[in-house]
Amino acid sequence: MKVLYFAWVRQKVGRGEEVVDAPSEAATVGALAQWLQARGGGYAEAFADLKRVRAAVNQEHVGFDAPIKAGDEVAFFPPVTGG
Amino acid sequence: MKVLYFAWVRQKVGRGEEVVDAPSEAATVGALAQWLQARGGGYAEAFADLKRVRAAVNQEHVGFDAPIKAGDEVAFFPPVTGG
Amino acid sequence: MTVKVQREDFDPGAEIARLHAGRSDIGAVVSFVGLVRGESHGEALRSMTLEHFPGMTERELERIADEARARWSLQGVTVVHRIGELKPGERIVLVVTAAAHRRAAFEAGEFLMDYLKTRAPFWKRELRPSGEHWVEARGSDDEAAARWRRD
Amino acid sequence: MTVKVQREDFDPGAEIARLHAGRSDIGAVVSFVGLVRGESHGEALRSMTLEHFPGMTERELERIADEARARWSLQGVTVVHRIGELKPGERIVLVVTAAAHRRAAFEAGEFLMDYLKTRAPFWKRELRPSGEHWVEARGSDDEAAARWRRD
């Protein structure tokens, strides 16, 4: 599964994208975020407060209860601030 | 007293401006309009329906009950349609 | 604040840039351009002629712009209105508002247009195949202006 | 409909003209230009860097523009958003809407900006004397977008 990070989530994690081999229990966006958080280090920092993180699956905004499956592209980022 | 006419009021009256010697009873915009209307011809046409006519005194929008005095500049015109 | 009544065309991009050039306190510039449409009452429009009340027009536009500046925190207001004969597709009117934040710029721009449509002494005459016709004031413009009335 | 995400500056006047040039069915063109302000949190801003999510950004802007076209009768929509490093006073974003009548053009323009601010995946990082700071999302932007929500 491909995971993308943007803005300060990217900075804390220390990379912009990676391919992860998440366990099958990580079947939602929220479960994946918790699994990443448990990796510790920058991941623990980036996902310390999930209320501050937003997500997209395959380039569509989703909530943390959204299901994910192998082959999906999941992105984590702060609330957007363009315009 | 100087009187100005615009748009179809001007076309019906047949002139854009004139100096009139209105009687002292014509002490409001509405009374002046009725006095002009009584002149007949194009004036009668222009002021036939006073609900369709608007007025300004000294370049300020006013109602027909506005008082006028010697030296004022009174303008009559249809509702505005710019923009 | 700039108010102009003129026969010549205007340049929206230049007027937008003029309001914020060299400044860094402006976050939002909203512009409105009004154009002559090519159809009216089911007929092709040949041309539109704008008549105005010289002197009062400028004063009224300045009053309208002052009113907008009293209601919103604006860093610039430009109003340009053309007079004379215009063809379909030509620009008629430009309103530009500059503010720190977008809501003020949008609201003030819409307010200026609503007030201009009901208070500024301009009159439009259309030339169509059936003849010359003075444009009638629209009730919807009065309603639009009434939205901004404060009790 | 035109959606562009680019490093280069854009020309608001050219984009406004492009929407109505050669047409006579458009009566109103509204544009919004967003600019970098020179102060933030009481400090002078040195620069602002815009990061985005390539691919999703364009798709999201197109979805937002489609939503505007579904709600209002529009004859044209242009959205241009810059990325990269910008200095105070520089243009960030342009939204242009064209319609037969002014109300649709104004409302759609304001809707597009409110939705863009809360849905389009852009993030701003400010460089100020105290260091680098990611801009925090503002509750007022969520409220502005919520105004347009339909039940």
Side-chain angles (χ1 to χ4, degrees), chain B residues 1-20 28-30 32-33 36-37 41-83, chain C residues 3 5 32-37 40 48-64 79-84 86 91-95 109-126 131-142 144-145:
Chain B
M1 176 168 294
K2 190 174 176 186
V3 186
L4 309 178
Y5 309 103
F6 293 96
W8 57 253
V9 176
R10 173 181 54 73
Q11 287 184 321
K12 286 184 196 295
V13 165
R15 69 190 72 195
E17 63 175 88
E18 63 182 320
V19 174
V20 302
T28 65
V29 169
L32 176 63
L36 288 165
Q37 197 251 326
Y43 290 95
E45 266 189 65
F47 294 96
D49 181 0
L50 293 182
K51 287 194 299 293
R52 298 184 64 210
V53 178
R54 299 288 179 274
V57 173
N58 302 326
Q59 305 194 349
E60 302 248 9
H61 289 288
V62 295
F64 272 37
D65 55 350
I68 49 177
K69 58 185 190 306
D72 281 346
E73 179 199 81
V74 184
F76 291 104
F77 43 78
V80 304
T81 56
Chain C
V3 165
V5 178
F32 174 86
V33 178
L35 301 153
V36 180
R37 282 186 297 139
S40 177
M48 172 171 283
T49 302
L50 272 138
E51 176 173 335
H52 81 308
F53 183 166
M56 179 170 169
T57 314
E58 290 82 352
R59 287 180 61 174
E60 200 61 38
L61 292 176
E62 275 164 24
R63 278 194 279 259
I64 293 165
V79 178
V80 187
H81 202 298
R82 293 177 71 190
I83 51 171
L86 302 173
R91 285 178 274 262
I92 307 171
V93 60
L94 172 71
V95 163
E110 204 169 356
F111 167 88
L112 283 163
M113 280 307 305
D114 287 346
Y115 264 50
L116 187 156
K117 285 254 179 194
T118 52
R119 315 248 334 148
F122 291 102
W123 300 274
K124 285 177 180 149
R125 192 171 73 240
E126 295 181 343
E132 282 200 345
H133 306 269
W134 288 96
V135 173
E136 297 262 351
R138 298 191 313 167
S140 62
D141 284 330
D142 291 329

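Each chain gets a letter, A, B and so on, in the order the sequences are listed, and its residues count up from 1. Just so you know, these numbers come straight off a predicted model, no measurement behind them.
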Could you tell me which non-hydrogen atom of [X] sits nearest to which non-hydrogen atom of [Y], and how far apart they are?
X: B:Gly82; Y: C:Lys117; answer: O-CD, 3.5 Å
X: C:Ala137; Y: B:Val80; answer: CB-O, 4.0 Å
X: C:Arg59; Y: B:Asn58; answer: NH1-O, 3.6 Å

Choice from C:Arg138, C:Arg63, C:Arg82 maximising heavy atom contacts with chain B below 4.5 Å: C:Arg63
Check whether C:Glu58 gets within reach of chain B through its side chain, its backbone, both or neither, counting any heavy atom under 4.5 Å. neither
Segment of C:Glu60 engaging chain B (4.5 angstrom heavy-atom cut-off): side chain
Report the distance from atom [atom1] of [X] to atom [atom2] of [Y], rounding to the nearest 0.5 Å.
X: C:Glu136; Y: B:Trp8; atom1: CD; atom2: CH2; answer: 8.5 Å
X: B:Thr81; Y: C:Met48; atom1: OG1; atom2: CE; answer: 8.0 Å
X: C:Met56; Y: B:Phe77; atom1: CE; atom2: CZ; answer: 4.5 Å

Under 4.5 Å heavy-atom distance to chain C, tell me which part of [X] shows up: side chain, backbone, both or neither.
X: B:Gln11; result: side chain
X: B:Ala7; result: both
X: B:Arg52; result: side chain

With sequence neighbours excluded, give me every salt bridge (Lys or Arg N to Asp or Glu O under 4.0 Å) pair touching residues 70-83 of chain B. B:Lys69-B:Asp72
With distance as the sole test, does C:Trp123 use its side chain to make a donor-acceptor pair with the main-chain N or O of B:Pro78 at under 3.5 Å? yes
